[in-house]
Amino acid sequence: MNRTQLKRSNILRMAGSEMVDPDGHGETFLLRAVRIAAVVALYWFVSITMVFLNNHLLDNRDLDAPLFVTFYQCVVTVGLCWLMQLLSRLCPHLIDFPSVKFDVKTSREVLPLSIVFIGMITFNNLCLKHVGVAFYTVGRSLSTVFNVLLSYVILKHTTSARAVLCCAIILGGFWLGVDQEGMAGSLSWSGIFFGVLASACVSLNAIYTKKVMPAVDGNIWKLSYYNNINASVLFLPLILVFGELGRLASFSRLTDLGFWGMMTLGGVFGFAIGYVTGLQIKYTSPLTHNVSGTAKACAQTVIAVMYNASSKSLLWWTSNMLVLGGSSAYTWVKSREMKKTPFRDPQDSAKEKLLPADKANMGV
């Protein structure tokens, strides 16, 4: 057997050899690689589809009711939480979902977060409605910048010079993107305004989530359950105040099953993004998840431009690269800094890993 054949056989033996996964179970390298690729692909599919689906629902010329669309998605999420609890009891070996009984005291403790959560998802959807998918990444790119500012103002946490430099790159990309959209004649100032508010709410959501986590025993699904119940109730007076009830009453497709099917599908994808986000973190790492989210945002922008047959300038693409590059660099800098920090309680660390900033997005 010659040297080339020996090298090939060694590579095949490595691919078939057993490695230990994070859960401690032996598995082949090839199987682990395939599973990670499948999980990342699933995250990309769910996240990108959800953004395009929400854009379709919010861009409905016959129904201008973004609050109702968001409210309905919260109701669907609550319904899916109940369904998952039931399936978890029937098939405990296949589905692992916490048993949650509604508690008024817990709901009250989660309420401050729910108010921020309503602002986050509402402004997020309004930004998407006004700027479209192509500019969506830049339109709400300031969440990292607000995270640094609000962490200092509220938590008194200081940030390193390298992290601040990354934020400056993001800000530069944001302003360049706004300038290029203006020159192209497609700039929506209301969309930019909602995008900035959404970014601020994303950062506040992360801060308040850490504060209320003990109230739900550190379980992200319990938090989602109470958050969406509170949001569903709080949305009702907002729908009345902003006159969306009248628009719903005059909507011609109110009895159309196709319309409600698309609305329900949007809620299902909103629920699914939480699951696939956790799945991607479980089988990779929080850092890899953020890198994957950045790459997904890049692919999402390219798909939107191709789908709309748009022509964008070099500076417009440069603004997107600055935003995505600055975000990736910030993630890398913070991960390096976290490795140098003193040891903390594993439960606290686990809770933070369950709360990636992108989910605030609802993966968006």
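The chain is numbered in sequence order, starting from 1. Here the structure is a predicted model, which means the values were calculated and not measured.
Under the 6.0 Å cut-off for aromatic ring centres, W82 and F102 do not qualify, their centroids lying 6.0 Å or more apart.
Q180 and S313 share a side-chain donor-acceptor pair at under 3.5 Å. Side chain to side chain, T264 and Y72 meet the donor-acceptor criterion of an N or O pair below 3.5 Å. Side-chain polar atoms of W44 and S292 form a donor-acceptor pair below 3.5 angstrom.
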Walk me through it: do T318 and L314 pass the test side-chain contact (heavy atoms from CB on, under 4.5 Å)?
CA-CA 6 Å; T318 302; L314 178 61; 4.2 Å; yes
side-chain contact (heavy atoms from CB on, under 4.5 Å) between I192 and F135, intermediate numbers included
CA-CA 10 Å; I192 296 298; F135 195 64; 3.4 Å; yes
Apply side-chain contact (heavy atoms from CB on, under 4.5 Å) to the pair F235 and L238, showing each step before the final yes or no.
CA-CA 5 Å; F235 264 123; L238 292 175; 4.2 Å; yes
Before giving the answer on side-chain contact (heavy atoms from CB on, under 4.5 Å), spell out for V133 and Y307 the whole-Å C-alpha distance, their side-chain angles and the decisive distance to 0.1 Å.
CA-CA 10 Å; V133 179; Y307 178 78; over 6 Å; no
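With a 4.5 Å cut-off on side-chain heavy atoms, T144 and C166 do not count as touching. Looking at heavy atoms from C-beta onward, I273 lies in side-chain contact with Y43 at the 4.5 angstrom threshold. Using a 4.5 Å heavy-atom cutoff, the side chains of V276 and Q280 are not in contact. Looking only at side-chain heavy atoms (C-beta outward), F97 and C81 come within less than 4.5 Å of each other. Residues F271 and L83 fail the side-chain proximity criterion, which asks for heavy atoms closer than 4.5 Å. Considering only heavy atoms from C-beta on, N228 comes within 4.5 Å of F117 through its side chain. The closest side-chain heavy-atom distance from N124 to Y136 is below 4.5 Å. At least one side-chain heavy atom of I154 sits under 4.5 Å from a side-chain heavy atom of L204.
Counting non-hydrogen atoms of neighbouring residues, nucleotides and ligands closer than 6.0 angstrom, the CG atom of L257 reaches no more than 12 such neighbours. The neighbour count for F193 CZ, taken as heavy atoms of other residues, nucleotides or ligands under 6.0 Å away, does not exceed 12. Applying the 6.0 Å contact sphere to CE of M321 captures more than 12 heavy atoms from other residues, nucleotides or ligands. Around atom CH2 of W260, more than 12 heavy atoms belonging to other residues, nucleotides or ligands sit under 6.0 Å away.
L80 and I220 fall within a single hydrophobic cluster, where Ile, Leu, Val, Met, Phe, Trp and Tyr are joined by side-chain heavy atoms under 4.5 Å apart, directly or via other members. The cluster map of Ile, Leu, Val, Met, Phe, Trp and Tyr, joined by side-chain heavy atoms under 4.5 Å apart, puts L171 and V148 in different clusters. Residues V39 and F45 are members of one and the same hydrophobic cluster, defined by side-chain heavy-atom contacts under 4.5 angstrom among Ile, Leu, Val, Met, Phe, Trp and Tyr. With hydrophobic clusters built from ILVMFWY side chains whose heavy atoms lie under 4.5 angstrom apart, V233 does not share a cluster with I115. No continuous path of hydrophobic side-chain contacts links V333 to V164 [ILVMFWY only; heavy atoms under 4.5 Å].
Closest heavy-atom contact between L57 and V69: CB-CG1, 4.4 Å. Considering all non-hydrogen atoms of both residues, K222 and N219 come closest at N-OD1, 3.1 Å. Considering all non-hydrogen atoms of both residues, S224 and T77 come closest at OG-CG2, 4.0 Å. In terms of heavy atoms, F269 sits closest to V46 at CD2-O, 3.7 Å. Residues T209 and L223 come closest through the heavy atom pair CG2-CD2, 3.6 Å. Residue G139 comes nearest to F174 through the heavy atom pair O-CE1, 4.0 Å, listed as atom of the first residue, atom of the second, then distance.
If you take CD1 on I48 and CG on L53, they are separated by 13.5 Å, rounding to the nearest 0.5 Å. We find the CG-OH distance between L279 and Y275 to be 5.0 Å, quoted to the nearest 0.5 Å. Between I169 atom CD1 and L324 atom CG the span is 12.0 Å, to the nearest 0.5 Å. Taken from OG in S47 to NZ in K296, the straight-line distance is 3.0 Å, to the nearest 0.5 Å. For the atom pair CZ of F68 and CD of E244, the computed distance is 9.0 Å after rounding to the nearest 0.5 Å. We find the NZ-CG distance between K312 and N320 to be 9.0 Å, quoted to the nearest 0.5 Å.
Side-chain atoms of S203 come within 3.5 Å of backbone N or O of S143 as a donor-acceptor pair. With hydrogens and angles ignored, the 3.5 Å screen pairs a side-chain donor or acceptor of T301 with a backbone N or O of A297. Although no hydrogens or angles enter the test, the distance criterion places a donor-acceptor pair under 3.5 Å between the side chain of Y226 and the main chain of D103. Under the 3.5 Å distance criterion, the side-chain polar atoms of S335 are matched with a main-chain donor or acceptor of W332. In this structure a side-chain-to-backbone donor-acceptor pair under 3.5 Å is present from S141 to V138. Between the S319 side chain and the W316 main chain, a donor and an acceptor come within less than 3.5 Å of each other.
The residues D62 and R253 are annotated as not salt-bridged, no charged nitrogen and carboxylate oxygen being separated by less than 4.0 angstrom. Salt bridge status for K129 with D64: present, with a side-chain N to carboxylate O gap under 4.0 Å.
Remark: S188 pairs with H130, S190 by the side chain to side chain contact (heavy atoms under 4.5 Å, CB included) rule, at least two apart or across chains. For V75, the side chain to side chain contact (heavy atoms under 4.5 Å, CB included) criterion is met by F71, S232, not counting sequence neighbours. Scored by the side chain to side chain contact (heavy atoms under 4.5 Å, CB included) test, L165 finds no partners at all (sequence neighbours excluded).
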